[in-house]
Structure formats: C-alpha cells, structure tokens
Number of protein chains: 2
Amino acid sequence: MTASKGHESAVALAVDPVGAVDAGLGHLLREGHRALARSLQAQIATHGVSMGQWFFLRALWDEDGLTQRELSQRVGMMEPTTVTAINSMEHRGFVRRMRNPHDRRKVNIFLTPKGRALKDVLLPCAVEVARIAVQGVQPPDLVKAAQVLRQMLGNLEGQMATTLGTAAGHDEID
Amino acid sequence: MTASKGHESAVALAVDPVGAVDAGLGHLLREGHRALARSLQAQIATHGVSMGQWFFLRALWDEDGLTQRELSQRVGMMEPTTVTAINSMEHRGFVRRMRNPHDRRKVNIFLTPKGRALKDVLLPCAVEVARIAVQGVQPPDLVKAAQVLRQMLGNLEGQMATTLGTAAGHDEID
DNA sequence: ATACAGCCATTAGGCTTCTAAGTATTATTC
DNA sequence: GAATAATACTTAGAAGCCTAATGGCTGTAT
C-alpha cells in the first residue's frame with residue numbers, strides 16, 4: 001500500500017522513510033551486523049575463540065558463576081544454545097560446570113584461570129574493531145544512531161509481545 | 001580498561017564512544033537486526049515463506065531470470081547457500097530452474113506465477129514491519145542513523161580488505 | 001509421605017549459513 | 001584439435017541458532 005515501488009536509492013530515504021527502511025535501513029542493519037560480526041570473529045578466532053563463545057565469555061567476565069539459565073538470559077539466547085556453547089567452552093578449558101549443592105537442578109558456570117585470562121586478550125580486540133567501525137563518525141551522530149536503534153528495538157519488541165497476546169497468525173494489514 | 005563497567009546506559013555512549021560501541025552499539029546492532037528479522041519472519045511465515053527464501057524472492061521480483069551466481073551476489077550470500085534456498089523454493093513452486101541454452105554451465109532462475117504473486121502479499125508485510133519499527137523516530141534521525149551505519153559498513157569492509165592483504169594473525173593492539 | 005506441579009538442564013532434530021572439495025561446461029593456448 | 005585453465009553449479013560437512021520433547025530435582029498440597 002504505502003510502498004512506493006522497489007527501486008532503492010540513498011535519496012529515497014529522505015523522500016520516503018518508511019519504504020526506505022525496508023529497502024535501506026533493514027538491509028543496512030543486516031549488513032552492518034554481519035560486517036561487525038565478521039571483523040570481530042576474524043580477530044578472536046586468532047585466539048581460538050568463536051563468536052558462539054564470545055558472548056558467553058563476556059557475560060562471565062562480568063558475573064562469574066551464573067547458572068545456565070541466567071547466562072542464557074544475559075546473552076539473549078535459548079538454553080539449548082547455551083548448553084552447546086558451554087560444552088565447547090568446557091571442552092577447551094575456558095569454564096567449569098559445578099552442580100549447585102543447595103539446588104541440584106542448577107549448574108553454575110565458573111571461568112577457569114585460562115578463561116579469565118582471555119579477557120585481557122579479547123576485550124582489546126573488540127575495542128579495536130569498534131574503533132575501526134566508528135572511524136570518521138561524529139560522536140553526536142553515534143549517539144543519535146544508538147537512540148534510533150534503541151527506539152526501533154523497543155517498537156519491535158512491543159509489537160511481538162502484543163501480537164503473541166492476540167491471535168498469532170492473522171494479517172489484516174491491507 | 002576503557003569500558004566503564006558492564007552497566008549499560010545511554011550516557012556512557014556520550015562519555016566513551018569507542019568503548020560504548022563495543023558494549024552498546026554492537027549489541028544494539030545485533031539485537032536490532034534480530035528483532036527486525038524475527039518480526040518479518042513471523043509475518044511471512046504466515047504465507048509459507050522463510051527468511052532464507054525472502055531475500056532471494058526480493059532479488060527476483062526486481063530482476064527475474066538471474067543466474068545463481070548473480071543471485072548470490074545480489075543477496076550477498078555464498079553460492080552453496082543459494083543452491084539450498086533455490087532448492088526449497090523450487091520445491092514449493094515459487095521458482096523454476098532453466099539451463100541457459102547459450103552457456104550450459106549457467107542456470108537461470110525464473111519466478112513462477114505463484115512466486116511472482118507473493119510480491120503483492122509479502123512486500124506489504126515488510127512495509128508494515130518497517131512502519132512499526134520506525135514509529136516515533138524523526139525522519140532526519142533515521143537518515144542520520146542510516147548514514148552512520150553506511151559509514152561503519154564501509155569502514156569494516158575496508159578493514160577486512162586490507163587485513164586479508166597483510167598478515168592475518170598478529171595482535172599488537174595494546 | 002506421597003502425588004502433583006514447576007523449575008532447570010539436556011537431548012533430538014531442523015533451518016540457515018559458511019568453507020572446502022567435486023563435476024560439468026566453456027574458453028584459451030600450443 | 002587436444003591439453004590446460006577458468007567458470008558455474010553442486011555436494012559434503014561443520015557451526016550456530018532455534019523449537020519441542022525428555023529427565024531430574026524441588027516445593028507444595030493432600
């Protein structure tokens with residue numbers, strides 16, 4: 001309906017913001033995310049760490065000894081994903097599983113010295129990638145961009161919540 | 001460390017842009033992308049189309065009859081990924097493979113009427129998702145955000161290119 | 001104390017993407 | 001025109017993420 005054709009152009013953004021997000025910002029978000037992930041991956045892979053492990057290590061550097069469920073929530077991934085990641089990290093000697101003695105359902109994850117030591121190596125990698133990424137961008141613009149993204153994130157999460165609350169498969173969009 | 005703790009706040013961005021990108025913009029980019037993808041996925045899944053197919057359909061609506069390699073380049077994915085996607089789309093009757101008579105190495109992909117018809121159903125879904133995503137965002141801010149993302153994308157791609165040219169595994173970042 | 005319900009971790013299986021290796025066709029070179 | 005190189009698609013196998021179903025432990029109510 002409101003979509004005015006499919007021709008993409010930088011100009012279109014100023015002319016038709018809504019259509020352009022679909023054609024432009026969405027694409028940009030996707031590509032930007034992939035580029036950032038690829039760059040970081042290239043850096044940390046040098047030290048034997050995969051992206052799948054990176055997020056969990058970050059969470060543990062901040063809060064060691066989390067349970068797997070807590071870890072999942074911090075990182076924003078489902079629990080089976082966490083299990084897989086922990087498995088590989090345990091296998092590589094970055095973390096140790098410890099059954100919680102007070103509640104034997106829980107498993108707390110603790111960094112090994114090796115896992116903790118990675119922080120001083122990996123964090124600078126991330127900072128370096130970030131530095132490169134934002135070269136030539138004015139800090140105020142960076143703030144603006146972050147605000148926009150935060151707003152969009154909120155909008156979409158709100159939408160998902162309400163959609164799930166009502167019927168999950170209707171489409172009276174027209 | 002430059003990163004001022006793990007507590008995230010909008011303020012930190014203004015104070016320490018570089019560290020904040022790592023902790024903030026990177027995370028935001030990742031979450032934003034995932035939220036957008038999830039929302040769109042929920043919409044188009046209603047019509048039997050997966051995200052894996054969506055990108056290729058978009059490219060074909062714009063340019064029907066592309067070869068698989070061209071399609072891969074348009075969409076930004078590797079060729080084996082394209083093969084898989086085309087397989088499933090062909091199986092569902094959205095596209096048809098046609099060996100190119102002039103160069104029998106090539107395979108041109110053509111939309112079926114069914115695949116072409118999806119455009120009128122799916123594009124509005126994307127527009128709707130985009131509309132929801134940018135609610136409450138001022139168009140100028142949207143433009144700024146897109147510019148920032150574009151700049152970052154360029155920075156990262158440039159970096160990847162030069163890194164590949166030089167040595168691929170040193171880390172004197174400190 | 002026993003049964004029922006809820007919480008936590010795991011397993012099973014699918015989807016999407018990637019890299020690396022293989023096959024078929026066309027172009028180039030001697 | 002036969003050997004070699006380049007091009008286009010395909011197959012094989014791995015990583016990361018997801019949903020759904022399973023198994024163990026805990027807490028509560030009968």
Side-chain angles (χ1 to χ4, degrees), chain A residues 30-31 33-42 44-45 48-57 65-92 95-109 160 164 168, chain B residues 30-31 33-42 44-45 48-57 65-92 95-109 160 164 168:
Chain A
R30 175 180 146 82
E31 289 308 309
H33 169 245
R34 297 211 320 179
L36 201 61
R38 253 197 276 267
S39 290
L40 184 55
Q41 182 171 38
I44 66 180
V49 176
S50 71
M51 281 300 281
Q53 304 171 344
W54 161 255
F55 301 108
F56 293 97
L57 284 174
L66 291 169
T67 67
Q68 294 192 192
R69 173 154 303 183
E70 288 166 340
L71 211 38
S72 303
Q73 291 165 341
R74 298 284 191 292
V75 171
M77 278 171 189
M78 295 296 103
E79 288 166 45
T81 303
T82 304
V83 171
T84 309
I86 298 295
N87 282 346
S88 70
M89 289 197 288
E90 189 175 32
H91 187 255
R92 295 200 174 210
V95 299
R96 244 181 22 252
R97 271 188 170 89
M98 284 194 54
R99 202 109 222 166
N100 187 316
H102 302 303
D103 186 340
R104 295 174 34 81
R105 287 171 300 186
K106 300 181 180 177
V107 175
N108 294 96
I109 311 297
M160 286 302 274
L164 291 178
Chain B
R30 175 181 147 81
E31 289 308 309
H33 168 246
R34 298 211 319 177
L36 201 62
R38 252 197 278 269
S39 289
L40 183 56
Q41 182 171 37
I44 66 180
V49 177
S50 71
M51 281 301 280
Q53 304 171 345
W54 162 255
F55 302 107
F56 293 96
L57 284 174
L66 291 169
T67 68
Q68 295 191 192
R69 174 155 301 180
E70 288 165 341
L71 211 37
S72 303
Q73 290 166 341
R74 297 285 191 291
V75 171
M77 279 171 189
M78 295 296 102
E79 288 166 43
T81 304
T82 304
V83 170
T84 309
I86 298 295
N87 282 346
S88 69
M89 289 198 289
E90 189 176 32
H91 187 255
R92 295 200 176 211
V95 299
R96 245 182 20 252
R97 271 188 169 90
M98 283 193 55
R99 202 108 224 169
N100 188 316
H102 301 303
D103 185 340
R104 295 173 36 82
R105 290 172 298 186
K106 299 183 182 177
V107 176
N108 294 96
I109 310 298
M160 286 301 275
L164 289 179

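Predicted, not measured: the structure shown is a model, and the values here were computed from it. Here is the naming used below: chain letters follow the sequence lines, and residue numbers restart at 1 for every chain. Heavy atoms only: backbone and side chains are in, while hydrogens, waters and symmetry mates are out.
Across the protein-nucleic acid pair, A:Met98 atom CE and C:dA9 atom C1' stand 17 Å apart, rounded to whole Å. When rounded to the nearest whole Å, the span between CZ of A:Arg99 and P of D:dG23 equals 15 Å. Taking atom CD1 on B:Ile44 and atom P on C:dC15, their separation rounds to 15 Å, with Å as the unit. Straight-line distance from the CZ atom of B:Arg34 to the C1' atom of C:dC15: 15 Å, rounded to whole Å. The distance from atom CD1 of B:Ile109 to atom C1' of D:dA8 is 12 Å, rounded to the nearest whole Å. In this structure, B:Trp54 atom CH2 and C:dT17 atom C1' are separated by 19 Å, rounded to whole Å. The CD1-P distance, from A:Ile86 to D:dC17, rounds to 12 Å in whole Å. Rounding to whole angstrom units, CG of residue B:Asn87 and P of C:dT17 are separated by 13 Å.
Listed candidates were D:dT26, C:dT10, C:dC18. Nearest to the side chain of A:Pro80 is C:dT10. Taking the side chain of B:Arg69 as heavy atoms from C-beta on, and the options C:dT11, D:dC18, D:dA8, the nearest nucleotide is D:dA8. Each of D:dC9, C:dA24, D:dT26 was ranked by its minimum atom distance to the side chain of B:Arg105; first place goes to C:dA24.
By the neighbour-count criterion of 12 heavy atoms within 6.0 Å, atom CZ of A:Arg96 is sparsely surrounded, having that number or fewer from other residues, nucleotides or ligands.
In terms of phosphate contacts, A:Arg38 brings no side-chain nitrogen or oxygen within less than 4.0 Å of OP1 or OP2 of C:dT17. A sub-4.0 Å separation between OP1 or OP2 of D:dC18 and a side-chain N or O of A:Thr81 is present.
For the pair B:Ser72 and B:Thr82, the tightest heavy-atom approach, listed with the atom from each and the gap, is OG-OG1, 2.7 Å. Counting all heavy atoms, side chain and backbone alike, A:Thr81 lies closest to A:Met77 at CG2-SD, 3.8 Å.
When each of A:Gln73, A:Arg69, A:Gln68 is paired with A:Glu79, the side-chain hydrogen bond (donor to acceptor under 3.5 Å, both in side chains) condition holds for A:Arg69 and for no other.
Comparing A:Gln68 and B:Met77 against DNA chain C, the residue whose closest nucleotide sits nearer the 5' end is A:Gln68. Residues B:Val83 and A:Gly52 each lie close to DNA chain D; by heavy-atom proximity, the contact nearer the 5' end of the strand is made by B:Val83. Judged by closest nucleotide on DNA chain D, A:Phe55 is the one of A:Arg104 and A:Phe55 placed further toward the 5' end. Taking for each of A:Glu79 and B:His102 the nucleotide of DNA chain C with the nearest heavy atom, the 5'-most of the two is the partner of A:Glu79.
A:Ser50 comes within 4.0 angstrom of the backbone, heavy atoms only, and of no base. Among the heavy atoms of the strands, none lies under 4.0 Å from A:Thr84. Using a 4.0 Å heavy-atom cutoff across all strands shown, B:Thr67 reaches sugar-phosphate atoms only and no base atom.
Using a 4.5 Å heavy-atom threshold, the side chains of B:Ile109 and B:Leu71 count as touching.
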